[in-house]
Amino acid sequence: MKARFATPEIQMDSIVDGDGVRSVIWFQGCDHKCFNCQNPETWDFDDGVEMDTEEMKKKIRELEYQQGVTFSGGDPLYQVEALIDLAKCVHECNMDVWVYTGFTYEELIKLGKKDKKYLDVLKEIDILVDGPFVNSLKSFAVKFRGSSNQRIINVPESLKKNKVILEEKFN
Ligand code: SF4
């Protein structure tokens, strides 16, 4: 399927976009429009590059020595089907999946009650860093996040217990 990415490249060997050494895939498009967002060039849904997810999956399968893949943007949750497709591929390659989103976990659960794909995508996410960037809560003290309202959520545990479970390692 087609999806829009900020760049066709996968950024490898990042140590700032989640746990361990990771690769990052940047989705294009975001409607949250957080004040002082670091990546406003990724907001426009018509910008970036259109690519088939099959092509991106080929690049994922070629990754070596990476703990996992982080999906960022933009907001990957605006292209849910493509995110499901790619996240499944990451798991098939025995890597873990982190996703950064401007939606909160609770908003995604609510969306999932109307449209199952939002629940399906959560099932393919190991760690969700959720919520918009709030400039007044900007903090360098919170690991892997821009502002202190954002949470690092253990998604499998949260789905199992039906409430938000923070990932102990980082909160
Ligand atoms: S959700 Fe992320 S990409 Fe979107 S406006 Fe907020 S900080 Fe920027």
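When a ligand or atom number is given, it counts from 1 through the structure's own listing order. All values derive from a computational prediction rather than experimental measurement.
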Protein N/O/S atoms closer than 2.8 Å to atom 4 (Fe) of ligand 1:
Cys30 SG
Excluding sequence neighbours, so at least two apart, what forms side-chain hydrogen bond (donor to acceptor under 3.5 Å, both in side chains) with Asn36?
Asn135
If Ile, Leu, Val, Met, Phe, Trp and Tyr residues are connected whenever their side-chain heavy atoms lie under 4.5 Å apart, and connections chain through other members, are Leu83 and Phe103 in the same group?
yes
Can you tell me which residue among Leu111, Leu108, Ile153 is in a side-chain contact (heavy atoms from CB on, under 4.5 Å) with Leu122?
Leu108
Salt bridge (charged side-chain N to carboxylate O under 4.0 Å, His left out) partners of Glu92, counting only residues at least two apart:
none
Within residues 37-50 or reaching into it, pairs that qualify as side chain to side chain donor-acceptor pair (under 3.5 Å) - sequence neighbours excluded
none
On the 0 to 90° scale, with breaks at 30° and 60°, tag the Trp98-Phe170 ring pair as parallel, tilted or perpendicular.
perpendicular
